[in-house]
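Notes to accompany the following structure.
Naming: A, B, ... by sequence-line order, numbering from 1 per chain.
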Number of protein chains: 2
Amino acid sequence: MLRVGVVGYGTIGKRVADAVTAQPDMTVAGVAKRSANYEAATAAERGYPLYAADPDRAGSFRAAGLVLAGDVDDLAAGADVIVDATPAGVGAENAATYAAHGTPAVFQGGEAADVAEVSFCARANYDEAVGAASARVVSCNTTALARLLAPLDEAFGVEKARVTLVRRGGDPAQTGRGPINDVVPNPITVPSHHGPDVGTVLPDVPVDTLGLKVPVTLMHTHGVNVTLERPPEADEVRDLLAGESRIALVPGWLGVDGAGKLKDLALDAGRPRGDLWENCVWADSVAVRDRDLYCFQAVHQESDVVPESIDAVRALAGTATAAESVARTDAALGMGLSFGAPGYGDGPTGRPVSVGVDGATADD
Amino acid sequence: MLRVGVVGYGTIGKRVADAVTAQPDMTVAGVAKRSANYEAATAAERGYPLYAADPDRAGSFRAAGLVLAGDVDDLAAGADVIVDATPAGVGAENAATYAAHGTPAVFQGGEAADVAEVSFCARANYDEAVGAASARVVSCNTTALARLLAPLDEAFGVEKARVTLVRRGGDPAQTGRGPINDVVPNPITVPSHHGPDVGTVLPDVPVDTLGLKVPVTLMHTHGVNVTLERPPEADEVRDLLAGESRIALVPGWLGVDGAGKLKDLALDAGRPRGDLWENCVWADSVAVRDRDLYCFQAVHQESDVVPESIDAVRALAGTATAAESVARTDAALGMGLSFGAPGYGDGPTGRPVSVGVDGATADD
């Protein structure tokens, strides 16, 4: 049983902790947080021992009646692996603490690539992280790009990908973020850093990216172009993507016209926090013209790196192969085309499932 | 066991069906929907027999492989009580069908008051609906106002309430609604219809309301003023509201600064769909100046009428008193100050709970 310490208990950290709890081979050693708020109350309620990420603010926990078990140093000492989900730049400050205890550490994509020995996406380069002292799970957008491009490259050869990333301005709970009413080229320089970041896990697939920020909080949306070496029919692409466990192909008959309905669907399906761990690719958007493949995909920035963080823990610990870890993570979380429940999705052929009046599914 | 038919399986209907399933004394007889989409797939997945709300569109179910059990007439014939959660105006068209079968029916607040024998809010006038043939659960905003004003009137006497309703423009999945970037007085006439609607369930409490629509989807927010006959201290008001099962008093230390964090908190707590059935009143906003009480409350438009719809079913069926029904509904859903989990809320005195490091709560 791997004891996992989670440092930083915000949007990503709280999801990683719950995902750790769902795994058959992991347990939460504790979670570190800077100050007491509703998320700290959740952590205590879930039975996660609380550690002070910032000793100067430990008083806020005492004032709220929340008991602390120690600080980040204590947590690093007592954990087999650390997942650092602190804000960008803080992970780099924490790295020495983890190293001092010889505790392998998983960092998030907000950190610079040199924070860890290897950058990581399970679909792209799991094996490179096996036995390493540290790994950096690439960002939500980069993860989604790598998941999409890896199978396309294997099946059809990617000559070059060009992707416009229409990024959410902030998360639903982030009241201080913008823009409120603008479309902001961000970064203004082209190509953006996302393409090179894909190169840290898929070095042989050239990707140029353009980044924008828009006034939404639910998901990122990618306008994707991939020039292929051996162009297939659109249906072959749909079949390929439908076979990927971390890509959800969204059939047209569901009537899902945007991120709002995707999230509503996830909530209806009983997904924890309405999370969508998979890339959501609209089946009707998949098109091939000459050697150019096009599609739209939506990316849930709060959760798509969560299963990758779980896999990274096993890779560093050396306790599972890529196939074993991905299968175990996916089964524990309830990943899949079905959005967590049979009846939603369709088979790899795009054919809707048959759902009987008694709710039993005919072919699931 | 009351067999409840749900006609209209959208934002409210799907939540009512799940809430019915959670009750110890009710079961879902079936749900009627106009056309096949992701929500219809959910209904089938959950084992709710599907009925065609619009026979002209029944083909969309067949095309999706979803089997229909009949139409609304069939559902009305086979149910003990109907909850009609169709779009505004459709309930009035359906009323004759329910009446023809002698099936008591609960309508929603989008309908005109004369759609039913009585308008309904459990906290205000449960007894008036006992044994009636039909009841109309007042709208989300009206429900929230009645829940707040009923206890204030009982405890301190309400001379007059004046409330500005800052309303969400649409629900998260409604991509066709606006405004995108405006504050729209709506209705432009003052006072708005909401105040008189409160009068249908609390006739002796005068309320003037002003309505606006803003570019948010998460919740409504009310700026509340209540002129009281016997003005209390602010802490007395907090104690009073903390004692109401369908009002959640949000303490300041949680760091919840808006609807985004309220919804995030609800998702963290594992609430189904992140629903907030309670009025959420910011404890720090409660103030009394002379005889004027002020506060802010947030209202989750997708879910606050759900427990009321459940209570209305029991009232029409005559199977429970108000106290019995509210207690049963609240227990089945997991209602309460704690947002579904001990450790979030604070006691009626505003004192934070003590949460041990092992996650056990000291005073829950």
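The shortest non-hydrogen separation linking A:Glu39 to B:Asp268 is CG-OD2, 3.8 Å. Across all non-hydrogen atoms, the minimal contact from A:Lys14 to B:Asp264 is NZ-OD2, 2.6 Å.
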For B:Thr175 and A:Asp257: C-alpha separation, side-chain torsions, deciding distance, then whether side-chain contact (heavy atoms from CB on, under 4.5 Å) applies.
CA-CA 8 Å; B:Thr175 41; A:Asp257 64 0; 2.5 Å; yes
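Taking the side chain as every heavy atom from C-beta outward, B:Asn37 and A:Leu254 never approach each other to under 4.5 Å.
No more than 12 heavy-atom neighbours from other residues, nucleotides or ligands sit within 6.0 angstrom of CZ on B:Arg62.
Separating the CG atom in B:Asn181 from the CD1 atom in A:Ile180 is a distance of 8.5 Å, to the nearest 0.5 Å.
Each of A:Gly260, A:Gly274, A:Ala259 has some count of heavy-atom pairs under 4.5 Å with chain B, and the biggest count is that of A:Gly260.
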